[in-house]
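Okay, structure first, notes after.
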Amino acid sequence: MIGLIILAIFITLIVLAIAIIQNDDLPHSVVLFMGFGLGSVILYFLFSAPDVALTEAVIGTGVSGVVFLVTLLQIRSKEIKK
Amino acid sequence: MIDILGYILILLGSIFLILSGVGLLRMPDTITRMHAGTKASTLGSLLVIIGVICLEPTLWFKLSILALFILITNPLSSSILARSTYLKHGFLNQSGIDDLKDNR
Amino acid sequence: MKFSIRSIFISLIVSIMIVLLLQIFLQFDLVTSSAGSFVLNINANSTESANAVTSVVTYFRGFDTLGEVTILFLSIFGISLGLEGYRDKFNIFAYENSLLKIAVDTLFPLIVLFGVYIIIHGHLSPGGGFQGGVIIASAFLLMFLAKSNDFSLKHNILELAESLSGAGFILLGVLSILIINRFLGNFLPLGKIGELFSGGVIPLIYIFVSIKVSAEITSLVEYFIRIKDVK
Amino acid sequence: MINFLILLILFAIFLSFIRFIKGPHLTDRVVAFDTMGIIAVSLLALLSVSMKDTIYLDVTFVFALIGFIGTIIFARFNVAKDSDD
């Protein structure tokens, strides 16, 4: 059963990656990217690699998403002030 | 005996989680989706965590801290998200009725 | 929102093909599995650490960890060099909400305590210096978010913590050269496997790495969120 | 029995995943992300019991933390977009 779950999460992740690329709106892409990180954390968990899962959850999803969003905020604020 | 109680609690919790998923999928506009998505999932995950405590009683400390964390953060994040969405877009529904227009 | 049913269908077909290819290729995965059992054998004999990953990161490959920490330091250095002219007191990130303020006051010690738990149990359970450091940095990020301009960290203290922990890491290596003639080797008593005070030098290295990583990530976020008004 | 419960929770994740892909508005996606995170916390707690290995529980706490921070930062982003029109 674990194998079937892993297969389903693989297919889900590839669909999500294509959705991230094909989206035009940048904040939508960031949300989809954070969802991608969530799926890959469950995948690493099922592969019984909790170290990699912890690193992916903290750095790949948390800090990367925050840095992307702060950069978007900075760009917009500069555009407003001009 | 306590195993059966744990299984029943986890079953109830997963039913609530499925209900939150159905509500997220079927509700007509954003605010009602938020209503269905966060409240039911908070209750469901708390029930699942209590059931897991019944299955493995040695883990009660970590799991109760996790339950406390979910109980603090999840309603708070939903409230803040709803408030910011309302400040930006209004209620985002089709009927156009806005009861909170005066004290935005 | 922009993608159609057709693209989702194409992506499904492509993904099923990729998964089948992966199923074929994963059959020949003999090299990594033999390396894993080799590392596990050596770990059981030489270090009394319950988590083989941490003993690889800090003990067998301690020099590589020093390189990673140096790369982090250099990237923060470059960011500070590029963004120094644009800094100001104004916090672009702040979000005024009294509920959030009260909740973050409650949650801040809990999150920092969890980070410390992850750090000092690095040789017993998953986690370690990098992950625990980033968790502590995310607690400071929540403070930046909730307290608008009341909360600010002094850059002097951050830089002091960062440089002191880096110096401590290198000092530990030099000390082990003096004692057992090997860089970043183990010169402390090993203890018993599964206890908190075990693993020799691994928890000490992880404490230094965690202080360095948390200070660096906090100062990175602080560089990103403060901006001068562009007229 | 525990496999059946895991399948039920996976079905709940799948339902909110459809909203996560479809959601026309940004807030829909963020709500679906939050819900997926909370459901995944209970899924991981259940999985760590079924794998008979208690050290996996640390990941679940980090999961709840990441869901909270992500949701609040997107709420902040909603308010920031307010000023450009």
Side-chain angles (χ1 to χ4, degrees), chain B residues 3 6-7 10-11 13-27 29-31 33-38 40-42 44-49 51-53 55-56 58-59 62-63 65-67 69-70 72-74 76-89 92, chain D residues 1-2 4-20 22-28 30-43 45-46 48-50 52 54 57-58 60-61 63-65 67-72 74-82 85:
Chain B
D3 280 1
Y7 281 131
I10 296 174
L11 187 68
S14 50
I15 286 171
F16 271 105
L17 292 180
I18 287 178
L19 280 182
S20 86
V22 171
L24 206 60
L25 199 59
R26 293 291 299 167
M27 285 285 185
D29 48 48
T30 305
I31 297 289
R33 274 173 211 151
M34 195 178 294
H35 168 77
T38 52
S41 69
T42 308
S45 63
L46 284 181
L47 282 178
V48 169
I49 286 172
V52 172
I53 290 178
L55 286 187
E56 291 266 334
T58 53
L59 294 178
K62 260 185 197 177
L63 282 171
I65 284 184
L66 183 68
F69 191 80
I70 288 176
I72 293 176
T73 57
N74 203 18
L76 178 75
S77 62
S78 104
S79 152
I80 289 172
L81 190 64
R83 188 178 169 82
S84 74
T85 309
Y86 176 70
L87 285 178
K88 166 77 171 134
H89 300 281
L92 283 175
Chain D
M1 182 65 192
I2 207 162
F4 173 68
L5 294 173
I6 289 173
L7 279 183
L8 275 184
I9 295 181
L10 271 177
F11 182 62
I13 286 190
F14 176 70
L15 286 178
S16 48
F17 178 75
I18 295 174
R19 177 53 70 191
F20 187 62
K22 257 172 75 175
H25 201 265
L26 180 64
T27 311
D28 290 330
V30 180
V31 169
F33 172 73
D34 194 17
T35 310
M36 275 166 62
I38 293 298
I39 298 174
V41 165
S42 42
L43 174 70
L46 204 54
S48 66
V49 170
S50 104
K52 298 268 187 291
T54 63
L57 269 180
D58 296 343
T60 60
F61 199 94
F63 234 79
L65 182 67
F68 178 59
I69 291 179
T71 313
I72 286 181
F74 274 102
R76 171 72 187 83
F77 196 76
N78 260 336
V79 178
K81 279 169 77 178
D82 195 19
D85 50 22

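All chains are named by letter (A, B, ...) in the order of the sequence lines, taking the proteins before the strands, and each is independently numbered beginning at 1.
- Heavy atoms closer than 4.5 Å to chain D are found nowhere in B/Leu47, neither backbone nor side chain.
- From B/Ile70, atom CD1 reaches atom CD1 of D/Ile38 across 5.0 Å, with rounding to the nearest 0.5 Å.
- The closest side-chain heavy-atom distance from D/Asp34 to B/Leu81 is not below 4.5 Å.
- Counted within 6.0 Å of OH on B/Tyr7, heavy atoms from surrounding residues, nucleotides or ligands total more than 12; the atom is thus considered enclosed.
- Heavy atoms of D/Leu65 lying under 4.5 Å from chain B belong to its backbone as well as its side chain.
- Between the OG atom in B/Ser14 and the CG atom in D/Leu7 there is a gap of 11.0 Å [rounded to 0.5 Å].
- Interface remark: of the candidates B/Ile15, B/Leu59, B/Leu24, B/Val48, B/Leu24 forms the most heavy-atom pairs closer than 4.5 Å to chain D.
- Each of D/Val41, D/Ile39, D/Asp58, D/Leu57 has some count of heavy-atom pairs under 4.5 Å with chain B, and the biggest count is that of D/Leu57.
- In this structure, the portion of B/Ser20 lying under 4.5 Å from any heavy atom of chain D is its side chain and not its backbone.
- Among B/Gly23, B/Gly44, B/Gly37, the residue with the largest count of heavy-atom pairs under 4.5 Å with chain D is B/Gly37.
- In this structure B/Arg33 satisfies the salt bridge (charged side-chain N to carboxylate O under 4.0 Å, His left out) test together with D/Asp28, sequence neighbours excluded.
- Taking CD1 of B/Ile18 as the reference point, atom CZ of D/Phe11 lies at 6.0 Å (rounded to 0.5 Å).
- For chain D, the nearby parts of B/Leu25 are the backbone and the side chain; heavy atoms of each come within less than 4.5 Å.
- Under the rule for a ring pair (Phe, Tyr, Trp, His ring centres under 6.0 Å), the partners of D/Phe61 that lie at least two apart in sequence or sit in another chain are B/Phe69, C/Phe114.
- Counting heavy-atom pairs under 4.5 Å between each of D/Leu5, D/Val49, D/Ile9 and chain B puts D/Leu5 at the top.
- B/Leu17 CG to D/Ser16 OG: the interatomic distance, rounded to the nearest 0.5 Å, is 9.0 Å.
- Rounding to the nearest 0.5 Å gives a distance of 9.5 Å between OG1 of D/Thr71 and CD1 of B/Ile80.
- Separating the CZ atom in B/Arg26 from the CG atom in D/Leu15 is a distance of 11.5 Å, to the nearest 0.5 Å.
- Residue contact with chain B, scored on non-hydrogen atoms closer than 4.5 Å, involves the side chain of D/Phe4 exclusively.
- Both the backbone and the side chain of D/Leu8 come within less than 4.5 Å of a heavy atom of chain B.
- Taking the side chain as every heavy atom from C-beta outward, D/Phe68 and B/Ile72 never approach each other to under 4.5 Å.
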